[in-house]
There are 2 protein chains.
Amino acid sequence: MVQFVHPSRDDITLEGVLAALSDPMRLRIVKSMVGQHGCMSCTEATPCPDMAKSTLSNHFRILREAGLIHTEKKGVEHRNIIRQDDIETRFPGLLKTILGFCDEPRQGKD
Amino acid sequence: MVQFVHPSRDDITLEGVLAALSDPMRLRIVKSMVGQHGCMSCTEATPCPDMAKSTLSNHFRILREAGLIHTEKKGVEHRNIIRQDDIETRFPGLLKTILGFCDEPRQGKD
DNA sequence: TTCAATAGTTCGATATTTTTGAACTATTGA
DNA sequence: TCAATAGTTCAAAAATATCGAACTATTGAA
């Protein structure tokens with residue numbers, strides 16, 4: 001039984017958010033999750049398939065503990081959703097500003 | 001003879017800026033430099049005196065190589081200035097948004 | 001000119017963090 | 001019950017950060 005740690009809205013810190021987003025991989029994960037606005041599995045949310053599962057898992061943990069995403073287990077996979085409202089309330093405009101500058105991973109569909 | 005590396009405006013990357021700002025110490029250094037709008041020596045710009053000189057020097061190098069500050073030698077000390085225009089041109093609003101959320105190191109004077 | 005003081009860099013060693021593969025857990029579906 | 005899937009946890013290896021010590025360059029004074 002895996003327990004996920006999610007900080008409450010007020011425990012989300014600027015430094016935590018910036019540190020979480022300072023990794024190119026995590027930035028792209030977050031970007032892809034904002035694009036979609038439903039839940040995504042870890043595998044779906046990852047724009048880089050050639051990476052160890054454990055590394056990926058660690059990135060999701062960091063995003064989770066920074067308060068950027070919410071994860072819950074749904075069947076065999078983990079559904080992740082970006083905590084857009086919480087972050088917007090805590091740091092208005094921050095996420096939009098940052099993500100506005102990063103490369104679109106894919107605009108349309110294949 | 002020490003040569004400083006300063007990326008050109010166009011070589012400043014979002015990831016580089018975020019990575020540079022994701023360290024609490026560097027965030028405070030940048031904050032203090034934006035408050036002042038002239039040059040500051042490394043010592044002046046540092047809100048945390050109890051830190052090894054070499055560590056500090058490394059932080060300034062990272063800020064410099066991310067394109068956040070410009071450093072030039074002036075006599076015995078190094079004058080640092082934040083590259084506010086370059087960053088604003090490259091990522092409009094980013095710096096203001098981020099710094100707007102971080103704690104004021106000191107609002108008035110002593 | 002020489003000497004000490006100052007401001008910061010560079011180097012090498014240690015400490016911390018990240019990444020990885022392997023082994024594990026939990027769920028689904030045959 | 002068994003295999004497949006999705007992800008976690010663990011321990012070791014790789015990469016980064018921190019530190020103290022030694023170094024460089026400049027200033028100012030004797």
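Proteins get letters first, then strands, A, B, ... in listed order; numbering begins at 1 in each.
Residue A:Asn58 contributes atom CG, which lies 15 Å from atom P of D:dA11 at whole-angstrom precision. In this entry the distance linking CD of B:Glu44 with P of C:dT6 reads 16 Å, nearest Å. Between the C1' atom of D:dA17 and the CG atom of B:Leu56 lies a distance of 13 Å, rounded to the nearest Å. Rounded to an integer number of Å, the gap from B:Lys53 NZ to C:dT10 C1' is 12 Å. Taking atom CD of B:Glu72 as the reference point, atom P of C:dA7 lies 18 Å away to the nearest angstrom. Protein atom CE of A:Met25 is 17 Å distant from nucleotide atom C1' of C:dT17, rounded to whole Å. Remark: P of D:dG7 and CG of A:Leu63 are 14 Å apart, rounded to the nearest angstrom. The distance from atom CE of B:Met51 to atom C1' of D:dG20 is 14 Å, rounded to the nearest whole Å.
For B:Ser54, counting side-chain heavy atoms from C-beta on, the closest listed nucleotide (C:dC11, D:dT9, C:dG8) is C:dC11. Candidate nucleotides C:dT9, C:dT20, C:dT19 were compared by shortest atom distance to the side chain of A:Ala52, and C:dT20 ranks first. When distances are taken from the side chain of A:Asp23 to each of C:dT27, D:dC19, C:dT19, the shortest belongs to C:dT19. Between C:dA7, C:dT27, C:dT10, one nucleotide has an atom nearer to the side chain of A:Lys73 than all others, and that is C:dT27. Listed candidates were D:dA6, C:dT19, C:dG8. Nearest to the side chain of B:Glu77 is C:dG8. With C:dG8, D:dT5, D:dA17 as the choices, the nucleotide that has an atom nearest any side-chain atom of B:Ile62 turns out to be D:dA17. Residue A:Arg64 has its side chain nearest to D:dT8 when only C:dT19, D:dT8, C:dG8 are considered.
In this structure, B:Thr55 reaches the bases: a heavy-atom distance under 4.0 Å links it to at least one base atom across the strands shown.
At least one side-chain nitrogen or oxygen of A:His78 sits closer than 4.0 Å to the OP1 or OP2 atom of D:dT8. A sub-4.0 Å separation between OP1 or OP2 of C:dT6 and a side-chain N or O of B:Thr43 is absent. For the pair B:His59 and D:dT18, the criterion of a side-chain N or O lying under 4.0 Å from OP1 or OP2 is met.
Here the closest heavy-atom approach between residue A:Ile12 and residue A:Ala66 is recorded as CG2-O, 3.5 Å. Annotation for B:His59 and B:Met51: closest pair CD2-SD, 4.0 Å, computed over non-hydrogen atoms.
Side-chain N/O atoms of A:Ser57 and base N/O atoms of D:dG7 include no donor-acceptor pair closer than 3.5 Å.
Mapping A:Gly75 and A:Arg61 onto DNA chain C via the closest heavy atom, the residue that lands nearer the 5' end is A:Arg61.
Using a 4.5 Å cut-off between side-chain heavy atoms of Ile, Leu, Val, Met, Phe, Trp and Tyr, with links allowed through other members, A:Ile62 and A:Val17 fall into different hydrophobic clusters.
Heavy atoms of other residues, nucleotides or ligands lying less than 6.0 angstrom from CD of B:Gln36 number 12 at most.
Partner of B:Phe4 under the side chain to side chain contact (heavy atoms under 4.5 Å, CB included) criterion, chosen from B:Glu72, B:Arg61, B:His78: B:His78.
Base pairing annotation: D:dC19 forms a Watson-Crick or G-U wobble pair with C:dG12, both donor-acceptor distances under 3.5 Å. Summarising the base pairing, C:dG29 is matched to D:dC2 through a Watson-Crick or G-U wobble pair whose two defining distances lie under 3.5 Å.
The aromatic rings of B:Phe101 and A:Phe91 lie perpendicular to each other, with more than 60° between the two planes, well past the 30° mark.
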